[in-house]
Number of protein chains: 2
Amino acid sequence: MAIMDDIDSAIVRELQTDARQTNRELAARIGIAPSTCLERVRALKARGAITGYHAEISLPALNRHVQALVAVQIRPLSRAVIDDFKTYLYGLPEVLSAFILAGGDDVLVHVAVQDVEALHAFLMDRFTKRREVVSFRTSVIFEHTRNRVVAPLGEPRA
Amino acid sequence: MAIMDDIDSAIVRELQTDARQTNRELAARIGIAPSTCLERVRALKARGAITGYHAEISLPALNRHVQALVAVQIRPLSRAVIDDFKTYLYGLPEVLSAFILAGGDDVLVHVAVQDVEALHAFLMDRFTKRREVVSFRTSVIFEHTRNRVVAPLGEPRA
DNA sequence: CGCTGCCGCCGAATTATGTTCGGTGCACCT
DNA sequence: AGGTGCACCGAACATAATTCGGCGGCAGCG
């Protein structure tokens, strides 16, 4: 799983940038034959290095104009309670992602909703009513930038 | 930009699940002709509803075994300083994404590094030395789950 | 030092897919 | 009721994915 040479790195970089470019384009960009390229891409997926290909959708286009982060404290802090809460979150369409944390807060939830009114309603309906949620703090997100191309770290050439 | 019928929703859902399935598969799954499907996908991209297609890479495969969230306070809190800091963050390979926030903290940074030692080094080298960073709190991430399929909100059928 | 076996890359042939374009039906407007 | 426009469809053409046999380089062994 740790073996990843320059060619693999280049493939991973290109597919993070555009996952829908053709295998021929990809091969040409990297400088290998299409058949070789196909083989390596398949190996990366089989190895678990590439876990999937996903379209990125504009949140405004999905009628979600407000994003927020909600830092939640959970009690009692047991595995069962956390797992239940995770499952609960996963079923909420407003939730984009959830972080289970070490430290002050237990869970950080990234949500995207229609507007501030919907945010308020969401918090009241989905968090206040939960018994395991003893407190939460909400921060509205002004801007969220993602670094789409993630490269290997450490000794660059394995 | 807000017009998105059932077929568009289905396309968006499918492409979020697997962006590399063939246009024919996609069309068959949804129940329309490949040519129609191609047209709609192109329209969605042209309209800005689909912003891109990205491969998802396993962080451990990239030699990043530790993730953390760093809540940063910036002073002075001016646009110029924030923009500079954003640009700075964007250039750091360890940074996965950054949130600009309203409320207690100003910026929340999601990082992925090799191990806890590398996390410590990263914080010391990249944050402590910055003049505009007046304080930061770091939370190690035990688990991060993403909701990959994001559906339109509000009135479901536009 | 040379031989041999193995692994990965390549290129052509086959199969499948993307893409274009003209026609058709439905719905809406008048 | 007639006309107009839009979206969808299906066949034809261009392009790409996939397979597979063979070649070359490298390593390990004799």
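As a basis for the values below, the full set of heavy atoms in this structure was taken, side chains included, without hydrogen atoms, waters or symmetry mates. Labels below follow one simple rule: chain letters A, B, ... track the order of the sequence lines, proteins then strands, and each chain is numbered from 1.
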Checklist line | A/L38: side-chain contact (heavy atoms from CB on, under 4.5 Å) partners, not counting sequence neighbours | finding: A/N23, A/R42

Checklist line | B/V134: hydrophobic cluster co-members (side-chain, 4.5 Å) | finding: none

For nucleotides 11-20 of chain C, print each protein N/O atom paired with a nucleotide N/O atom at under 3.5 Å, atom names and distance only.
unit_1 : atom_1 : unit_2 : atom_2 : d
C/dG11 : N7     : A/S35  : OG     : 3.2
C/dG11 : O6     : A/S35  : OG     : 2.8
C/dG18 : OP1    : B/N23  : N      : 2.5
C/dG18 : OP2    : B/N23  : N      : 3.3
C/dG18 : OP2    : B/R24  : N      : 3.1
C/dG18 : N7     : B/R24  : NH1    : 2.9
C/dT20 : OP2    : B/R42  : NH1    : 3.2
C/dT20 : OP2    : B/R42  : NH2    : 2.7

Next item on the list: Sequence neighbours left out, what passes side-chain hydrogen bond (donor to acceptor under 3.5 Å, both in side chains) with B/R24? Give chain and number order.
Entry: none

Checklist line | Rounded distance in Å - CD (A/E39) to P (C/dC10) | finding: 10 Å

Check: Which pairs pass salt bridge (charged side-chain N to carboxylate O under 4.0 Å, His left out) with one or both residues in residues 14-23 of chain A, sequence neighbours excluded?
Finding: A/E14-A/R29

Notebook entry, point to check: Does A/H120 have any side-chain hydrogen bond (donor to acceptor under 3.5 Å, both in side chains) partners at least two apart in sequence or in another chain, and if so, which?
Noted result: none

Margin query: To the nearest 10°, give me the bend of the helix from C/dC1-D/dG30 to C/dT30-D/dA1, comparing the axes of its five terminal pairs at either end.
Written below: 30°

Notebook entry, point to check: To which residues is B/V149 joined in a hydrophobic cluster, defined by side-chain heavy-atom contacts under 4.5 Å among Ile, Leu, Val, Met, Phe, Trp and Tyr, whether direct or through other members?
Noted result: none

Next item on the list: Only pairs at least two apart or in different chains count here, so list each salt bridge (charged side-chain N to carboxylate O under 4.0 Å, His left out) that has a residue in residues 90-103 of chain A.
Entry: none

Check: Are B/V41 and B/L26 side-chain neighbours, meaning at least one heavy-atom pair lies under 4.5 Å?
Finding: yes

Note to self: Can you list, by chain and residue number, the hydrophobic cluster partners of B/L108 when the side-chain cut-off is 4.5 Å?
What the structure shows: A/L69, A/F99, A/L101, A/L108, A/I141, B/L69, B/F99, B/L101, B/I141

Next item on the list: Heavy atoms of chain A, cut-off under 4.0 Å: which first and last nucleotide of DNA chain D, 5' to 3', fall inside that, if you could look?
Entry: D/dA16 to D/dT19

Checklist line | side-chain hydrogen bond (donor to acceptor under 3.5 Å, both in side chains) involving B/S97 - partner list, sequence neighbours excluded | finding: A/H144

